[in-house]
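Chain letters run A, B, ... following the sequence lines, proteins first and then strands; every chain starts at 1. Heavy-atom basis, side chains included; hydrogens, waters and symmetry copies ignored. Treat the numbers as computed from the prediction; the structure is a model and nothing was measured.
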Amino acid sequence: MSERLRAELARVARTFGDDVTFTLERPRDPSHGDLATNLAMQLARRDRSNPRVMAERVIAALDPSAAMLAGVEIAGPGFINFRLAADTLAQEFQRLLSDGPQYGRSRTSEPRRINVEFVSANPTGPLHVGHGRGAALGDGIAALLEWTGHEVTREFYVNDAGVQIARLAESLWARVQQSAGRPAEIPEGGYHGEYLKEAAAELLQREGEGFADLEFAEGLARCRAAILAIQRAEQDGTLADFGVRFDVIASEQEVYDHGEVAAAIARLQDAGLTFEEDGALWLRASAFGDDRDRVLRKSDGSYTYLVPDIAYHLNKFRRGFDHAIDVWGADHHGYIPRMQAALKALGLPDGWLDVALVQLVRVVRGGEEVKMSKRSGDFVTLRDLYEEVGVDAARYWFLMRRSDSHLVFDIELAKSRSDENPVFYVQMARARMSGILRNAGRAPEDVTGAIDLGVLGADDLGLIKKLTQFPETVERAAREHEPHRITTYLDDLARMSHGWYHTSRVLGESPAVEHSRLLLARGARQVFGNALTLLGISAPDRM
RNA sequence: GCGCCCGUAGCUCAGCUGGAUAGAGCGAUAGCCUUCUAAGCUAUUGGCCGCAGGUUCGAGUCCUGCCGGGCGCGCCA
């Protein structure tokens, strides 16, 4: 809605010189008009002149018809406040109705191919609550980017080549031996979980008793493949039931097998970015923004975790992505500088990789914290969580807060059917809109025609304005990679909708009012639905 | 010790590339409503935006130092 005015202001700004940035925003106080700019103050700052005088010059240069303006005034220290032509709001609302499920989508002027990598959990156990937050965030960021016109690939990276998976295979082999009635011990640093006993029993049943008689190397290799398949299937199932699907599952082992790890090392060496010391090979990371240099190849000849990770990111770059976003747990933040240093050293564009961090989640039941201990058994898996509170509540909750703030997940509250539960509150607001249309005996898409703002009151108009802010909210959330802006918007919209529901009767009003309010109910229902869909949350017509 | 994140109302948190008088929910207090779905509305209460400087016409927002909390600082992943 503000784009034409912004363009016109930009044109005027250029006539005063081309290096001026300005904002155009909705003032908090409605008496300040529909939109306000600080352009005159920015120009005055540069020229050391009087902002109010500058504002007059800006206004004189402005073409009111180009921006559909009904009023312009100078206010405060030099703001220019604009009032839009009365039918601007009605026009935008009609666009909401005609765009329907597409409302809120936009086409960026710079569409990019973007890879969003998230969850990427080790295949050594079930996904926990923290992975859930990463899943909701990554999927939310991906959806936002799609909504604004980017081409997005959702990717999951499996660390299937490290020592963790080797320990897991050894542990499983030990369980197989035990199942076959032979003495065997879980190795040092191995996995003691019950699920390995079950996996061992299954394996013996499927492969026959002779499986336990295999030679150690062969048995281990098959245990490794078996446990990897089991864990991957388990994680994929958990994510699929959570509504998250990946386009690409990338494997660390394949990065090795395809020679990419060796190639990455060679490339770093050829570029003179490495040196040898104490029998190890080091990366000169400190020359590229890291605090210190980092080991690439240990003195025992094996690689550190960093190397396949570098190779993997090069692989993503080679696949033609203009931009990559990684979602990591906040406990890995110390890893960012060395990754960025390596990519910079290899000549990737600045800013190519963006790392979004998710803070850990504290789970609370009632008032009591649920301790996350694998040993004690009251460990809450992601599946446990959403089977108890529902996928909708879980996804909404994970996205309610900025990802870099700590999140308190209150299971009792997320389960409750009350207005204290934000998810319920939002879904209820939409269900009420559906209810109005249902009582009117009208399908939403059959409520058509023009809205008449003249017959409506302040609550109606406030709600309409909020609805028409949805597209800019999506754009901003996408630009900042911040899905929580959508939940915050939904919460505001729900509050306004519940208020409207009580003050503004629809059915039984005069035909003109009833018609316009039915249109409003349809529009509100649409925006709620679009926003919830974007976040992967259902939008039921009845609660 | 060094680095990163956080610090906003009693609690949980928003706060738009620096903008006009810092907001919401919950809680508390008072009243209203009893409904197109019961979880609704209004008012009141509540803030040295961690502290101290600085930059700016203007700072919750940017810079510096300090305080408090979390996390990370391995030839682990």
Side-chain angles (χ1 to χ4, degrees), chain A residues 21-29 31-32 36-38 41-42 44-45 48 50-52 75-79 81 122 124 159 161-165 189 252 277-282 290-292 294-306 308-309 329-337 357 359-360 400-408 410 413 416-422 424-425 428 431-440 469 472-473 476-477 479-480 482 484-485 487-489 491-492 494-495 498-509 514 517-518 521 542-543:
Chain A
T21 61
F22 62 91
T23 61
L24 179 65
E25 57 189 21
R26 293 167 191 279
R28 264 193 290 273
D29 184 342
S31 73
H32 292 142
T37 182
N38 66 349
M41 289 185 285
Q42 295 296 340
R45 164 183 226 161
R48 297 208 154 273
N50 183 326
R52 293 189 66 108
F79 288 101
N81 294 340
N122 281 331
T124 51
N159 295 122
V163 296
Q164 295 304 322
I165 192 75
E252 181 184 7
E277 193 175 292
D278 303 331
L281 183 71
W282 297 68
D290 200 357
D291 315 338
R292 48 169 296 186
R294 303 289 173 179
V295 171
L296 295 170
R297 193 180 57 223
K298 299 179 250 178
S299 50
D300 70 2
S302 66
Y303 294 119
T304 59
Y305 180 78
L306 181 61
D309 222 11
D331 53 340
H332 288 85
H333 73 257
Y335 193 70
I336 297 173
L357 295 178
Q359 276 293 349
L360 304 183
M400 274 196 319
R401 307 290 181 229
R402 284 177 28 205
S403 63
D404 56 5
S405 73
H406 294 268
L407 178 71
V408 177
D410 188 329
L413 192 53
S416 75
R417 292 175 61 78
S418 82
D419 62 334
E420 290 172 38
N421 178 349
F424 186 82
Y425 187 73
M428 185 66 197
R432 283 186 148 166
M433 299 297 172
S434 297
I436 292 169
L437 295 164
R438 193 164 54 237
N439 286 329
Q469 286 169 21
E472 66 202 61
T473 304
R476 170 114 194 143
R479 196 163 59 240
E480 307 288 341
E482 292 183 337
H484 82 273
R485 290 174 183 279
T487 50
T488 302
Y489 171 83
D491 197 54
D492 285 346
R495 194 172 337 107
H498 284 299
W500 174 82
Y501 181 84
H502 281 263
T503 60
S504 312
R505 183 100 194 158
V506 179
L507 304 182
E509 294 290 309
E514 181 177 298
R517 287 197 173 141
L518 280 172
R542 295 172 190 267
M543 296 298 290

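Going from atom CG of A/D290 over to atom P of B/G3 covers 13 Å, rounded to whole Å. The CZ atom of A/R401 sits 21 Å away from the P atom of B/G70 (whole-angstrom rounding). In this structure, the CG atom of A/L437 is 14 Å from the C1' atom of B/U37, given to the nearest Å. Protein atom CG of A/L413 is 11 Å distant from nucleotide atom P of B/C26, rounded to whole Å. In this structure, A/M400 places its CE atom 13 Å from P of B/U12, rounding to the nearest Å. To the nearest angstrom, P of B/C36 lies 16 Å from NE2 of A/H498. Rounding to whole angstrom units, OH of residue A/Y489 and P of B/G15 are separated by 16 Å.
Within 4.0 Å of A/Y335, counting heavy atoms only, lies at least one base atom of the nucleic acid. As judged by a 4.0 angstrom heavy-atom cut-off over every strand, A/A36 is placed among the base-contacting residues. Note on A/R402: only backbone sugar-phosphate atoms sit closer than 4.0 angstrom, heavy atoms only; bases stay farther off. Note on A/A440: nothing from the nucleic acid sits closer than 4.0 angstrom, heavy atoms only. A/A330 comes within contact range of the sugar-phosphate backbone alone, with a heavy-atom separation under 4.0 Å but no base atom that close. Counting any heavy atom pair closer than 4.0 Å across all strands shown, A/A521 reaches no nucleic acid atom. Among the heavy atoms of the strands, none lies under 4.0 Å from A/E514. Among the atoms of the strands shown, none is found under 4.0 Å from any heavy atom of A/D309. A/E277 comes within 4.0 angstrom of a base, heavy atoms only. Among the heavy atoms of the strands lying under 4.0 Å from A/S504 is at least one base atom, whether or not backbone atoms are also near. Using a 4.0 Å heavy-atom criterion, one finds that A/T23 contacts the bases of the nucleic acid, with or without backbone contacts as well. A/N122 comes within 4.0 angstrom of sugar-phosphate atoms only, judged by non-hydrogen atoms across all strands, and of no base.
If A/H32 and A/L507 are placed on RNA chain B by their nearest nucleotide, the residue sitting closer to the 5' end is A/H32. For the pair A/E482 and A/R297, both in contact range of RNA chain B, the more 5′-proximal nearest nucleotide belongs to A/E482.
Applying the Watson-Crick and G-U wobble criteria (two distances, each under 3.5 Å), B/G10 pairs with B/C26. Both distances falling under 3.5 Å, in either a Watson-Crick or a G-U wobble arrangement, place B/C71 opposite B/G3. Remark: B/U37 base-pairs with no nucleotide in the shown strands. Criterion, Watson-Crick or G-U wobble with two distances under 3.5 Å. Nucleotide B/U21 forms no Watson-Crick or G-U wobble pair with any nucleotide shown, as no partner meets the under 3.5 Å limit on both distances. Pair check for B/G65 finds B/C51; Watson-Crick or G-U wobble, both atom distances under 3.5 Å.
Residue A/P77 places its side chain closer to B/G19 than to any other of B/G19, B/G70, B/G40. Taking every side-chain heavy atom of A/A75 into account, B/A20 is the closest of B/A20, B/U12, B/C4. If you check B/C16, B/A20, B/G40 against the side chain of A/Y425, the one that comes closest is B/G40. The listed nucleotides are B/C6, B/C36, B/A77; the one nearest the side chain of A/D404 is B/C6. The A/Y305 side chain lies nearest to B/A77 when the options are B/A14, B/U35, B/A77. Closest contact between the side chain of A/Q42 and the listed nucleotides B/G18, B/G19, B/U12 involves B/G19.
Interface remark: the A/R495 side chain does not form any donor-acceptor pair with the B/G40 base, using a distance-only criterion of under 3.5 Å. A donor-acceptor contact under 3.5 angstrom links the side-chain atoms of A/S299 to the base of B/C75. For A/D291 and B/G3, a side-chain-to-base donor-acceptor distance below 3.5 Å is absent, hydrogens and geometry of angles not being considered. Contact annotation: side chain of A/D331 to base of B/A77, donor-acceptor pair absent below 3.5 Å. Residue side chain A/H332 does not reach the base of B/G72 through any donor-acceptor N/O pair under 3.5 Å, judged by distance alone.
The shortest side-chain heavy-atom distance between A/P77 and A/M41 falls under the 4.5 Å cut-off. For the pair A/W500 and A/R495, the minimum side-chain heavy-atom distance is 4.5 Å or more.
Remark: A/R292 is not in phosphate contact with B/C2, judged by side-chain N or O atoms under 4.0 Å from OP1 or OP2. Between A/R505 and the phosphate of B/C36, there is a side-chain N or O to OP1/OP2 separation shorter than 4.0 Å. Residue A/K298 places at least one side-chain N or O closer than 4.0 Å to OP1 or OP2 of B/C76. Proximity of A/R485 to the phosphate of B/G15: a side-chain N or O atom is located under 4.0 Å from OP1 or OP2. In this model, the phosphate group of B/A14 is approached by a side-chain N or O of A/S405 to a distance below 4.0 Å at OP1 or OP2. Phosphate contact (OP1/OP2 of B/U37, side-chain N/O of A/N439, threshold under 4.0 Å): present.
Nearest approach of A/I436 to A/L507, heavy atoms of both residues: O-CD1, 4.0 Å.
Side-chain polar atoms of A/N122 and A/T124 form no donor-acceptor pair below 3.5 angstrom.
Ionic pairing of A/D404 and A/R402 is present here: one or more N-O contacts between side-chain nitrogen and carboxylate oxygen are shorter than 4.0 angstrom. The pair A/R505-A/E514 does not count as a salt bridge, with every side-chain nitrogen at least 4.0 angstrom from each carboxylate oxygen.
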>> Would A/M543 and A/F424 count as a side chain to side chain contact (heavy atoms under 4.5 Å, CB included) here? Give the steps.
In response: CA-CA 8 Å; A/M543 296 298 290; A/F424 186 82; 3.5 Å; yes

